[in-house]
Amino acid sequence: MLTTAAHMVWLLLTVLYTFLAMGSCAAPPVAHVYAVRIEPPPPEPEHERQLSILSARGEDSQRMLQVARLFMLEHPDVLVSVHTVERESDYGPALRSRLLDGNRVDLFHIFGHRDMLELAEHLDDLSDLYWANEAIADTLEPVSVGERFFGIPFSVEGVGLIVNTRIFEAAEIPLAETDDSFDALEDAWRELRALITLGNVLNTEFPELESVTSLPGQDDEFLSRQLASIALGGEFASSAAAAQAAFISFTDAPGMGLYVSLLARYTTHGGSWAALAGISRTRQLEDGLATERVAVIQQSTEVYPRLIAANPDLEGNFALMPIPLPGAEQGFVYTHAPAYWVVNAAADEDTKALAREFLTWLYRSQTGAAFLAEEFGALSPFRDTAAPTGNALHTQLLAHIAQGRALPRRHREFPHGWASNSFAPALREYFTDPELGWEEVNQRVVYDWIALQPR
């Protein structure tokens, strides 16, 4: 059967053909232009469900858009819009402005217990997500109140000593005891420095090797988030205790001072600490560990792809080792969730259900878990459905966590400005001012904690 439109076109052509055939012996006919009406395609159906995401993952803005598109391909009735705030420092004000102005935001990020307390009225209880209880130990604790929790950890990262094992093996320096003994760690570093300085076969195999480690004193993340978390690693029993602490005792201060001194003394600038304040993260990573100018650094597991991109030949040669502080029974890696997914409590029930559906898809489905691991490079906190990230340090981090060799990083709970405006500047001054003693640094940061903590 011909459609109506097709039938009309057929009829028109038939009439035209007949006319031309009958007049073929007569004078040429006058040319006519016939307009054929084409009906427009039916309008696309409106999306039945919509989800608005405000993301703090500035470095992953394109991947957030890609994962939204992937979710929509599998859910054709859903429209997901993603808005990303590029800088984390701008995210809090942007989020609060949207929430107060009534602009739509259904799924967004917070960063820990302090955020949870400040935004409590906007956070939906997610305890009905049964699978979330399977998260890696301590990752849910910052966003929990009793048996209830209000956030889903985006991923897990850890800070420890990233060691080029090839260099230590060539130097025939064992590392087996260095993760539990500060003295054993310093002995190993001292022996390696002697070999670098004296010159032997090690210099032939690693001609660029110039020092044991590198300390990026210019990098605020290294000083204010990593070293501050290590300094107060044993200070608080919980994130709530850290967020509400009116003061700190800083009982690990002496051991922390020795560890900071170790990092400084075994750098290229060990004889002139003032230069440490000008060392960037790039110099520590691409110009240091990746080029084998140094043998070990303190850093986060998230830098592994950056190291391998700079020097693919080093793949498989890095080990993540715990940090032993003087006086501690064992060394630890320091873990945290860089962000938490939360659902807007003011959203309607259907939208809340859709937000939960998105989170469940991202962490529980094969497609979502693979994208999280392979594209984001994120170590999922949910091990039963996680996909391999290809990051060798992640595998080692999980082993340390399973062995009970991990402490949570609580820098998110410190008073606003304390880590960046007190702890980090005090360390830089400690490096650059020979007259400033470690005890004075301790007193200053303890006093600033009291001054900055809201009353």
Side-chain angles (χ1 to χ4, degrees), residues 44-85 91 95 104-111 122-136 139-140 142-144 148-157 302 337-391 394 398:
E44 294 185 2
E46 293 186 3
H47 294 94
E48 298 177 7
R49 299 185 293 169
Q50 297 186 23
L51 183 67
S52 176
I53 299 175
L54 184 64
S55 171
R57 306 282 299 179
E59 71 278 19
D60 289 324
S61 57
Q62 291 303 312
R63 296 183 186 91
M64 288 298 303
L65 291 171
Q66 291 169 6
V67 79
R69 294 188 189 104
L70 197 57
F71 180 75
M72 288 189 288
L73 282 175
E74 296 189 13
H75 302 77
D77 64 327
V78 174
L79 175 64
V80 180
S81 57
V82 178
H83 307 274
T84 302
V85 179
Y91 185 80
L95 170 64
R104 179 165 184 162
V105 51
D106 306 316
L107 193 61
F108 54 95
H109 290 135
I110 63 172
F111 302 103
H122 302 287
L123 309 184
D124 198 38
D125 183 357
L126 299 179
S127 306
D128 57 326
L129 291 176
Y130 69 92
W131 51 267
N133 282 309
E134 303 301 319
I136 288 174
T139 56
L140 276 179
V143 290
S144 297
R148 299 188 299 159
F149 54 88
F150 298 85
I152 301 297
F154 183 91
S155 62
V156 182
E157 294 294 343
E302 63 188 345
Y340 289 86
W341 293 103
V342 292
V343 176
N344 192 343
D348 59 64
E349 293 304 316
D350 288 342
T351 302
K352 291 179 185 179
L354 177 57
R356 285 165 168 76
E357 187 177 346
F358 175 82
L359 293 175
T360 301
W361 172 85
L362 183 59
Y363 290 97
R364 309 299 293 179
S365 76
Q366 186 175 359
T367 303
F371 191 94
L372 188 75
E374 296 169 11
E375 300 299 328
F376 283 101
L379 177 61
S380 172
F382 307 101
R383 302 311 307 151
D384 58 333
T385 55
T389 63
N391 184 331
H394 282 163
L398 292 172

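- Within the model, atoms CZ of Arg364 and CD of Glu357 stand 15.0 Å from one another, a figure rounded to the nearest 0.5 Å.
- Screening Val342, Leu129, Thr360, Val343 for a side-chain contact (heavy atoms from CB on, under 4.5 Å) with Ile152, the sole residue that qualifies is Leu129.
- Using the six-membered ring where Trp is involved, His75 and Phe71 have ring planes that are parallel, under 30° apart on the 30 and 60° scheme.
- Closest non-hydrogen pair, Arg57 versus Ser55, comes out as N-OG, 3.0 Å.
- Not a single donor-acceptor pair under 3.5 Å links the side chain of Tyr340 to the backbone N or O of Leu140.
- Side chain of Asp60 to main chain of Arg63: no donor-acceptor pair is present (N/O by atom type, distance under 3.5 Å, no hydrogens or angles).
- For the atom pair Arg104 CZ and Thr351 OG1, the distance stands at 4.5 Å (nearest 0.5 Å).
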Which pairs of donor and acceptor atoms, one on a side chain in residues 367-379, lie under 3.5 Å apart (sequence neighbours left out)?
from   : atom 1 : to    : atom 2 : distance (Å)
Thr367 : OG1    : Glu74 : OE2    : 3.3

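- Closest approach of Ala56 to Phe111, counting heavy atoms only: CB-CZ, 3.6 Å.
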Practice problem: List the steps and the verdict of side chain to side chain contact (heavy atoms under 4.5 Å, CB included) for Asp128 and Arg356. | Solution: CA-CA 9 Å; Asp128 57 326; Arg356 285 165 168 76; 2.9 Å; yes

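- Between the CD atom of Glu134 and the OG1 atom of Thr139 there is a distance of 11.0 Å, given to the nearest 0.5 Å.
- Remark: side-chain polar atoms of Ser127 are paired, donor with acceptor, to backbone N or O of Phe149 under 3.5 angstrom.
- Considering CD of Glu349 and CG of Asp124, their distance stands at 7.0 Å, rounded to 0.5 Å.
- In this structure, Thr84 contributes its side chain and Ser61 its backbone to no donor-acceptor pair below 3.5 Å.
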Practice problem: Just do the side chain to side chain contact (heavy atoms under 4.5 Å, CB included) check on Asp125 and Phe150 with the steps written out, would you? | Solution: CA-CA 5 Å; Asp125 183 357; Phe150 298 85; 3.9 Å; yes

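- When atom types are taken as modelled, the side chain of Asn344 and the backbone of Val105 share a donor-acceptor pair closer than 3.5 angstrom.
- Of the possible polar contacts, one joining the Lys352 side chain to the Ala345 backbone as a donor-acceptor pair under 3.5 Å is found.
- With a 4.5 Å cut-off on side-chain heavy atoms, Leu126 and Trp341 do not count as touching.
- Here the side chains of Val156 and Leu398 are not in contact, with every heavy-atom distance at 4.5 Å or above.
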Practice problem: Run the numbers on Ser52 and His83 for side chain to side chain contact (heavy atoms under 4.5 Å, CB included), then give the verdict. | Solution: CA-CA 8 Å; Ser52 176; His83 307 274; 4.0 Å; yes

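- Scored by the ring-ring contact (aromatic ring centres under 6.0 Å, His included) test, His122 finds no partners at all (sequence neighbours excluded).
- Here the closest heavy-atom approach between residue Glu302 and residue Glu157 is recorded as N-OE1, 3.2 Å.
- A donor-acceptor contact shorter than 3.5 Å links the side chain of Tyr91 to the backbone of His109.
- Between Phe154 atom CZ and Leu359 atom CG the span is 11.0 Å, to the nearest 0.5 Å.
- Between the CZ atom in Phe382 and the CH2 atom in Trp131 there is a gap of 4.5 Å [rounded to 0.5 Å].
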